[in-house]
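Chain naming here is simple, since letters A, B, ... match the order of the sequence lines and numbering starts at 1 in each. Given the structure is predicted, the values throughout are model-derived calculations rather than measurements.
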Number of protein chains: 2
Amino acid sequence: MVTQSEGPVLFGSPYQADCPARRILDRIGDRWTVLVVGVLADGEARFSQLSRRIEGVSKKMLTQTLRGLERDGLVRRTVYPEVPVRVVYALTDAGRTLCEPLRALQEWAIAHLGDVAASQEVYDRAN
Amino acid sequence: MVTQSEGPVLFGSPYQADCPARRILDRIGDRWTVLVVGVLADGEARFSQLSRRIEGVSKKMLTQTLRGLERDGLVRRTVYPEVPVRVVYALTDAGRTLCEPLRALQEWAIAHLGDVAASQEVYDRAN
DNA sequence: CCGGATCCCCTAGGATACTG
DNA sequence: CAGTATCCTAGGGGATCCGG
């Protein structure tokens, strides 16, 4: 099964400009991006709600991350010009499609984290 | 469909010590880790081969990444004490299970990169 | 309440040279 | 060939203050 011949198998040469691996890594390689998508997967949220649910994120990083996702068309930002402004963030249809692969990753994590931890212990004991 | 109730919701509270999201992000958040696994998905490889296929990675980072993967039990390192030493890296069974979710991500990237680029252009034009 | 603008620190990680 | 050790700097990202 590990065979591979032609076509854009695996991750190809990671430094081609148009290499998908590069792009996707630039996007999800950033921890905050993934966490924001994770929270928004539960439904829309306001800035302060995101701030609270993603403990440890600074306003600067949260803003920056949301701008990036908005630019990518994965998140929609809606401003309600009320008295104190209200801003709501939600995943777009495109953004929602990203949840699936992310969930697969999370499931992998849940399924294998125990083994990984055990392996680490063995490794550390031997070193 | 975006409803959610109980259970380990997508990424939950990201700062619990045992939160899977945290762990998995620590692992795949790093670009080199993902690229190494991607290359090894094609089969075992020597240090210099990895070095060549993953253009731009420094020896320091490659070593560090491989050590991390070995510690996690995802990669097996075999040393052949020949004249010039020969060292071969290969995915373990556990490591191979990680290929699937990663592939899903890559497929997402391929499918949506065009839209993302288009969205960016629109966004940038408006700003 | 949302988030822009600044300052500033710290460390991830690249370059280089050396060893077994 | 397969690393290890050392040095050094770019910029990620936190803290803080301000404006709409």
Side-chain angles (χ1 to χ4, degrees), chain A residues 14-15 21-23 25-37 39-40 43-72 75-90 123-124 126-127, chain B residues 14-15 22-23 25-37 39-40 43-72 75-91 123-124 126-127:
Chain A
Y15 271 121
R22 273 291 295 246
R23 307 273 204 101
L25 288 176
D26 287 344
R27 181 115 307 286
I28 65 143
D30 159 36
R31 99 169 326 104
W32 302 127
T33 295
V34 178
L35 294 175
V36 166
V37 173
V39 170
L40 290 181
E44 57 175 37
R46 302 183 58 177
F47 188 88
S48 50
Q49 294 179 310
L50 287 164
S51 219
R52 248 171 284 122
R53 291 206 49 183
I54 306 174
E55 292 176 58
V57 69
S58 65
K59 290 193 295 182
K60 178 181 173 180
M61 279 302 98
L62 185 53
T63 301
Q64 192 170 304
T65 302
L66 287 166
R67 288 290 174 279
L69 285 167
E70 192 192 355
R71 190 173 105 101
D72 290 350
V75 160
R76 180 178 31 254
R77 177 174 181 267
T78 313
V79 182
Y80 296 91
E82 302 171 353
V83 185
V85 192
R86 184 163 59 96
V87 182
V88 172
Y89 295 92
Y123 184 96
D124 291 344
N127 293 281
Chain B
Y15 272 120
R22 273 291 294 246
R23 309 272 203 101
L25 287 176
D26 287 344
R27 182 115 308 287
I28 67 143
D30 159 36
R31 97 168 330 104
W32 302 127
T33 294
V34 178
L35 294 175
V36 166
V37 173
V39 170
L40 290 181
E44 57 175 40
R46 303 182 56 176
F47 187 88
S48 51
Q49 292 177 312
L50 287 164
S51 218
R52 249 171 283 122
R53 292 210 47 186
I54 306 174
E55 292 177 56
V57 67
S58 63
K59 289 195 290 185
K60 178 181 172 180
M61 278 302 99
L62 184 53
T63 301
Q64 193 170 302
T65 301
L66 287 166
R67 289 287 177 280
L69 285 167
E70 192 192 357
R71 190 173 105 102
D72 290 351
V75 159
R76 179 176 34 251
R77 176 173 181 270
T78 313
V79 182
Y80 297 90
E82 302 172 352
V83 184
V85 193
R86 184 164 58 98
V87 181
V88 171
Y89 294 93
L91 290 180
Y123 184 95
D124 291 344
N127 292 280

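Between Thr63(A) and dG3(C), a side-chain N or O to OP1/OP2 separation shorter than 4.0 Å is absent. Of the side-chain N and O atoms in Tyr89(B), none sit less than 4.0 angstrom from OP1 or OP2 of dC1(D). Using a 4.0 Å cut-off, some side-chain N or O of Arg46(B) falls inside it from OP1 or OP2 of dA2(D). In this structure, Arg77(A) does not reach the dC2(C) phosphate: none of its side-chain N or O atoms is under 4.0 Å from OP1 or OP2. A close approach under 4.0 Å does not occur between any side-chain nitrogen or oxygen of Arg31(B) and OP1 or OP2 of dA12(C).
Atom CD of Gln49(B) is surrounded by more than 12 heavy atoms from other residues, nucleotides or ligands within 6.0 Å.
Map Gln49(B) and Lys60(B) each onto its nearest nucleotide of DNA chain D; the residue landing nearer the 5' end is Gln49(B).
Arg67(B) has its CZ atom 11 Å from the P atom of dA5(D), to the nearest Å. Atom OH in Tyr80(A) sits roughly 14 Å away from atom P in dG3(C) (whole-Å rounding). Rounded to an integer number of Å, the gap from CD of Gln64(B) to P of dA2(D) is 19 Å. The interatomic distance linking Asp30(B) (CG) with dG13(C) (P) rounds to 6 Å, in whole Å. Remark: P of dT4(D) and NZ of Lys59(B) are 11 Å apart, rounded to the nearest angstrom. Whole-Å rounding puts the Arg86(B) CZ to dG3(D) P distance at 13 Å. Taking atom CG of residue Leu66(A) and atom C1' of nucleotide dG3(C), one finds them 11 Å apart after rounding to whole Å. When the P atom of dG12(D) is taken as reference, atom CE of Met61(A) falls 8 Å away, rounded to whole Å.
Checking dG14(D), dG14(C), dC2(C) against every side-chain atom of Ser58(A), the shortest atom distance belongs to dG14(D). In this structure, the nucleotide among dG13(D), dG13(C), dC1(D) sitting nearest to the side chain of Ser48(B) is dC1(D). Closest contact between the side chain of Phe47(B) and the listed nucleotides dG3(C), dC1(D), dA2(D) involves dA2(D).
Side-chain contact between Leu91(B) and Val75(B) is present, with heavy atoms from C-beta onward closer than 4.5 Å. With a 4.5 Å cut-off on side-chain heavy atoms, Val57(B) and Val36(B) do not count as touching. Residues Arg77(B) and Arg67(B) are in side-chain contact: their nearest non-hydrogen atoms beyond the backbone lie under 4.5 Å apart.
Minimum heavy-atom separation, Tyr89(B) to Leu40(B): O-CD2, 3.6 Å.
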